[in-house]
Q: 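Structure incoming, see below.
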Amino acid sequence: MSLMIRLAIQKSGRLSEDSLNLIRECGISFVSSTYKLKTEATNFPLEILFLRDDDIPGYVQDGVADLGIVGQNVLVEAGFPALEVEALGFSKCRLSLAVPRGEEYSSVASLQGKNIATSYPEILGRYLAGEGVQAQLHTISGSVEIAPSIGLADAICDIVSSGSTLLGNGLREVETVFRSEAVLIANQNLGAEKQHLLEKLRFRMQAVRRARRNKYIILNAPVAALDQVKALLPGIKSPTVTKLAEEGWVSVQSVVNEDDFWHVTDQLKAVGAEGLLVLPIEKMIS
């Protein structure tokens, strides 16, 4: 049997979907099912394990799985931050403190001596200690938002994405304790062959992520404005410039970072660029 590398991902939920999409975008084919707890890729030496997210850091630490995709919040809470090898840029969220909407709150010092319900006592405990606040932490595994309304706690600390769940339970977010996103983690004692497979997988993931963050842009510009256009569109090395049939005009092709796109577009139009065409990039290898 040929050597394979084992990757553990969350068995269901948004993080699972995003992880599977990333693997597919890396050109890796596999068949997944809600009834299967593991599957093998057909065109890459990879076995995927579908596990509870809280279990993934421990399995990777112990070598049951070679790699994992997990939220930083879960990784740090489990006490294995050293396993992280790559931030993946999706499933972003924050771990926040929240209090009942009518509760008076001025700063984190307002929580001195209070009862706080959370699923993340390690992260929260370190944060409060850093702020010089002593509070009673009640660790619960789910439905943290209900704790204040049933008298279990004065405040909560839980994962927040949009804030709608807090709002629906009569709470308001008051402090950000920790910011999180999905990360790739790896066992620290991988052999040389598995380390090589890890680097091949990271190379593909980086190409996909780079493509997601950038757009390919094609435009027409007057020759007189070409230097200004080139200054706005440096591209990977430099833009591609081609003469048009119409005298005094050129076609320019380049790459623009998603975060800068609208600002750069406004500047291009201001110097005379026309006919802007924007295309997604499937993979981007530097």
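Quick caveat: nothing in here was measured; it's all calculated off a predicted structure. Residues: numbered from 1 along the sequence shown.
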Q: Are Leu95 and Leu97 linked, directly or through other ILVMFWY residues, by side chains that come within less than 4.5 angstrom of each other?
A: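 In one cluster with Leu95: Leu97, yes.
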Q: Do Glu282 and Val208 have side chains that get closer than 4.5 Å, going by heavy atoms?
A: no
Q: How close do Ala182 and Leu15 get, heavy atom to heavy atom, and via which atoms?
A: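 Nearest pair, atom of Ala182 first, then Leu15: CB-CD1, 3.7 Å.
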Q: Does a side-chain heavy-atom distance below 4.5 Å link Ile69 with Met205?
A: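 Answer yes - side chains close enough.
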Q: Let me have the donor-acceptor pairs involving side chains of residues 133-158, under 3.5 Å, with sequence neighbours excluded, atom names and distances please.
A:
from   : atom 1 : to     : atom 2 : distance (Å)
His138 : NE2    : Asn115 : OD1    : 3.3
Ser149 : OG     : Ile146 : O      : 2.9
Asp154 : OD2    : Asn115 : N      : 2.8

Q: With sequence neighbours left out, write down each residue that passes salt bridge (Lys or Arg N to Asp or Glu O under 4.0 Å) with Asp54, or none if nothing qualifies.
A: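 Testing Asp54 for salt bridge (Lys or Arg N to Asp or Glu O under 4.0 Å), a comparison that skips the adjacent residues, returns Arg52.
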Q: Thr165 versus Asn169: any side-chain heavy-atom pair under 4.5 Å?
A: yes
Q: Is there a continuous path of hydrophobic side-chain contacts, each under 4.5 Å between heavy atoms, that joins Ile9 to Leu46?
A: yes
Q: Please give me the minimum heavy-atom distance between Asp259 and Asn257, naming the atom from each residue.
A: N-OD1, 2.8 Å
Q: Using a 6.0 Å cut-off, check whether atom CZ of Phe261 has over 12 heavy atoms from anything other than its own residue.
A: yes
Q: If every non-hydrogen atom of Asn187 is compared with every non-hydrogen atom of Ala65, which pair is closest and at what distance?
A: CB-O, 4.4 Å
Q: Give the C-alpha distance, both sets of side-chain angles, the deciding distance and a yes or no for side chain to side chain contact (heavy atoms under 4.5 Å, CB included) between Val76 and Arg126.
A: CA-CA 11 Å; Val76 173; Arg126 287 195 292 272; 3.3 Å; yes
Q: Determine whether more than 12 heavy atoms belonging to other residues, nucleotides or ligands lie under 6.0 Å from atom CD of Glu199.
A: yes
Q: Return yes when atom OH of Tyr59 has more than 12 non-hydrogen atoms of other residues, nucleotides or ligands closer than 6.0 Å, and no otherwise.
A: no
Q: Could you report the tightest heavy-atom contact between Leu184 and Leu7, atom names first, then the distance?
A: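 Closest approach of Leu184 to Leu7: CD1-CD1, 4.2 Å.
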Q: Do Gln188 and Leu83 touch side chain to side chain, with heavy atoms closer than 4.5 Å?
A: yes
Q: Just grab all the salt bridge (charged side-chain N to carboxylate O under 4.0 Å, His left out) pairs involving residues 57-70, residues at least two apart or on different chains.
A: Asp66-Lys194
Q: Applying salt bridge (charged side-chain N to carboxylate O under 4.0 Å, His left out), which residue pairs with at least one partner in residues 69-88 are found, sequence neighbours left out?
A: Glu86-Arg202
Q: Are Leu49 and Phe80 connected, step by step, through hydrophobic side chains (Ile, Leu, Val, Met, Phe, Trp, Tyr) whose heavy atoms are closer than 4.5 Å?
A: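 Yes, same cluster.
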Q: Just checking Lys269: does its NZ atom have more than 12 heavy atoms from other residues, nucleotides or ligands closer to it than 6.0 angstrom?
A: no
Q: If you look at every heavy atom in Thr39 and Lys36, which pair is closest and at what distance?
A: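 That would be OG1-NZ, 4.0 Å.
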Q: Throw together a table of side-chain donor-acceptor distances under 3.5 angstrom for residues 211-234, partners on residues two or more places apart or in other chains.
A:
from   : atom 1 : to     : atom 2 : distance (Å)
Arg212 : NH2    : Glu25  : OE2    : 2.5
Asn214 : ND2    : Arg210 : O      : 2.7
Tyr216 : OH     : Gln253 : OE1    : 2.6

Q: So do the side chains of Leu88 and Leu22 get within less than 4.5 Å of each other, counting heavy atoms only?
A: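 Contact flag for Leu88/Leu22 side chains = yes.
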Q: If we ignore angles and hydrogens, is there a donor and acceptor under 3.5 Å between the side chains of Ser12 and Ser16?
A: no
Q: What's the shortest heavy-atom distance between Gly27 and Asn43, and which atoms?
A: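 Heavy atoms only, the tightest pair is O-ND2, 2.9 Å.
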Q: Could you give all pairs that pass the side-chain hydrogen bond (donor to acceptor under 3.5 Å, both in side chains) test and reach residues 172-182, with sequence neighbours left out?
A: Asn73-Ser180, Arg94-Glu173, Ser96-Glu173, Tyr105-Glu175
Q: Can you find a pair of side-chain heavy atoms, one from Ile285 and one from Phe203, that are under 4.5 Å apart?
A: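 The answer is yes; the side chains approach within 4.5 Å.
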Q: If you define the side chain from C-beta out and look only at heavy atoms, does anything of Phe30 sit under 4.5 Å from Leu20?
A: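 Yes, close enough: below the 4.5 Å cut-off.
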